[in-house]
Protein chains: 2
Amino acid sequence: MTRKTAQARRVEVLGETVRQIRAGGMSALRVADVAAAMDVSAALIIYHFETKEKLLAEALMYAAESDLRKLGRIMREPGTPATRVMAALEWYAPTGRARGWQLWIDAWSFSMRDKVLAKVLVDLQGQWTDAIGGAIDEGVAEGVFTTENSRDAATRLTSMLDGLAVRMLVHQERIGRLELHAWLARQVELELGETARKAIACGVNNSIP
Amino acid sequence: MTRKTAQARRVEVLGETVRQIRAGGMSALRVADVAAAMDVSAALIIYHFETKEKLLAEALMYAAESDLRKLGRIMREPGTPATRVMAALEWYAPTGRARGWQLWIDAWSFSMRDKVLAKVLVDLQGQWTDAIGGAIDEGVAEGVFTTENSRDAATRLTSMLDGLAVRMLVHQERIGRLELHAWLARQVELELGETARKAIACGVNNSIP
DNA sequence: ATGCAGACTGAATAGCCATTCAGTAAGAAT
DNA sequence: ATTCTTACTGAATGGCTATTCAGTCTGCAT
């Protein structure tokens, strides 16, 4: 058994934990399984994380951080506010089997009983809302978007996507990429005005063939 | 200990189970707690339901059925399609502390691992979509609503409400009754055309002071 | 009255898993 | 080399709860 620094080991454990949650859901997660997959003892996990609950919270933070890094990258990319908003929403949106979403639906359920988890989620959602809301504000400043309240608009847009994720994962509805995109574009037009739609249509032609 | 017919006892147990799930969530549910609240033995619960998992599935069905009965009542009430659609959506919408919704968010999470539960949920959502979609169709026939596909419109509307429920319960966002109503009305207008808004405005003045 | 079906119970049982703990050893520091 | 920190382990332990089981009791049918 090669020893590793605590830091390296923690990251390794978090990665495996997230992988297993994605595969089987949070309630099926066993400390022993994570350990077995890494070929270490279960005691090691507890040694590094103290309790399973804390492991779970940290694992979610870990997953959230990687999501947020991606969001940051999208927001820093060159382009208009319209393309940025749309890129962010498209990436937020559930696609295909929506693997990643199962994690968050589980997290919603767990967070209602775990304050630490709840805080992670509030924070994560806050950052999404701020990022998208911020891009909307830019668009408003440039005169491309129209909205009363950019945060509220962002909330409604992401809420609809959350709901659609539930439709796809829980209710097994198949919603195609194009269909989803069309729904999203409609919604963006309602929220941000018709000039938004035109701005988006241009951006989209560049990124979606 | 007064003895009851199996049927009566089962209903009683289901009621208490749903109450406890609403109060503390599905994962906190203990057979012993349900029994204690009814002042019977835990063995009795198992005697009637065989296993906790089956109890859970039946309890969700029970909750779903009572929701659907209410939906049926709303749909049979006299009034225009516009008032019916709006009444259904208003009732579906999360309000206040949105107690009832915790149950369904839990159910989403559980259903991803339990096929029986998944089926209950698919069915429940199907009936909501059909009911709202049906009322929309009526409205279209009367020329009040305009939409390409009534089921898709119903899906989008209920999806947004699901997402808002998550915002309220998980992310602790306070969305006021009036605000929610305004958002809903906007959305209905987008989905069903502007004559829908007017029709709704009339109906709403009757029911909301 | 008597029997009987079946609702109901108390007291085990048993399985599952997180967590503990006493100790081992790897690698850095000296 | 020796020490020392600390990552790591194997083998308990302990707590929690669903489930079982061997009966008990109740109200109905005969």
Side-chain angles (χ1 to χ4, degrees), chain A residues 1-21 23-62 106-107 109-111 113-117, chain B residues 1-21 23-60 62 106-107 109-110 113-117:
Chain A
M1 200 55 31
T2 40
R3 291 158 66 107
K4 313 211 173 177
T5 65
Q7 177 56 16
R9 196 56 112 177
R10 286 174 64 89
V11 172
E12 214 180 335
V13 173
L14 290 173
E16 181 58 35
T17 301
V18 170
R19 197 168 312 129
Q20 295 211 7
I21 293 176
M26 280 180 115
S27 62
L29 186 83
R30 311 278 154 232
V31 174
D33 292 345
V34 176
M38 297 175 58
D39 205 36
V40 294
S41 71
L44 176 67
I45 313 270
I46 298 299
Y47 172 71
H48 282 300
F49 291 89
E50 236 175 322
T51 129
K52 181 189 174 182
E53 232 179 61
K54 289 185 186 164
L55 168 64
L56 258 153
E58 286 211 49
L60 274 226
M61 273 169 155
Y62 180 77
D106 265 345
S109 171
F110 268 66
S111 74
R113 260 148 271 126
D114 181 333
K115 293 206 162 184
V116 182
L117 261 192
Chain B
M1 202 55 29
T2 40
R3 292 159 65 106
K4 314 212 172 176
T5 65
Q7 176 57 16
R9 197 54 112 178
R10 287 174 62 89
V11 172
E12 215 179 334
V13 172
L14 290 174
E16 181 58 34
T17 302
V18 170
R19 198 168 313 128
Q20 295 211 7
I21 294 175
M26 279 180 121
S27 63
L29 186 83
R30 311 279 155 232
V31 174
D33 292 346
V34 175
M38 295 175 59
D39 206 37
V40 296
S41 71
L44 175 67
I45 313 271
I46 298 299
Y47 172 71
H48 282 300
F49 292 89
E50 235 175 324
T51 131
K52 181 188 173 182
E53 228 179 65
K54 289 185 186 164
L55 168 64
L56 258 154
E58 286 210 48
L60 273 225
Y62 180 78
D106 267 345
S109 171
F110 268 65
R113 259 147 269 126
D114 181 332
K115 294 206 163 184
V116 181
L117 262 192

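What's counted below: heavy atoms across the whole structure, side chains too, no hydrogens, waters or symmetry copies. Protein chains get the first letters and strands the later ones, always in sequence-line order, with residue 1 at the start of each.
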Tell me the interatomic distance from [X], atom [atom1], to [N], atom [atom2], rounded to whole angstroms.
X     : N      : atom1 : atom2 : answer
A:D39 : D:dA7  : CG    : C1'   : 16 Å
A:Q7  : D:dA7  : CD    : P     : 11 Å
B:E53 : D:dT17 : CD    : P     : 17 Å
A:R3  : C:dT24 : CZ    : P     : 14 Å
A:K54 : C:dA18 : NZ    : P     : 16 Å
A:L44 : C:dT24 : CG    : C1'   : 14 Å
A:L55 : C:dA18 : CG    : P     : 10 Å
A:F49 : D:dA7  : CZ    : P     : 12 Å

On DNA chain C, compare the nucleotides closest to B:K4 and A:E50; which residue's is nearer the 5' end?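 That would be B:K4.
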Closest to the [X] side chain: [options]?
X     : options               : value
B:S41 : D:dA7, C:dA18, C:dG10 : C:dG10
A:T51 : D:dC8, C:dT19, D:dT20 : C:dT19
A:H48 : C:dC17, D:dC8, C:dT19 : D:dC8
B:V40 : C:dT9, D:dA7, C:dC17  : C:dT9

If you measure from CD1 on B:I45 to CZ on B:R30, what distance do you get to the nearest 0.5 Å? 14.0 Å
About how many Å separate CZ of A:R19 and CE of A:M38, when rounded to the nearest 0.5 Å? 9.0 Å
Does CD belonging to B:E53 count more than 12 external heavy atoms closer than 6.0 Å? no
Can you find a heavy atom in the side chain of B:M26 that is under 4.5 Å from one in the side chain of B:L60? yes
Under 4.0 angstrom, heavy atoms only, what part of the nucleic acid is B:T5 near: base, sugar-phosphate, or nothing? nothing
Starting at the 5' end of DNA chain D, which residue's closest nucleotide do you reach first, A:A43 or A:Y47?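 Of the two residues, A:Y47 wins.
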Tell me whether the side-chain N/O atoms of A:R30 come closer than 4.0 Å to OP1 or OP2 in C:dC16.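 No, no such contact exists.
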Take A:L29 and A:T17 through the test side-chain contact (heavy atoms from CB on, under 4.5 Å) and record every step on the way to the result. CA-CA 8 Å; A:L29 186 83; A:T17 301; 3.9 Å; yes
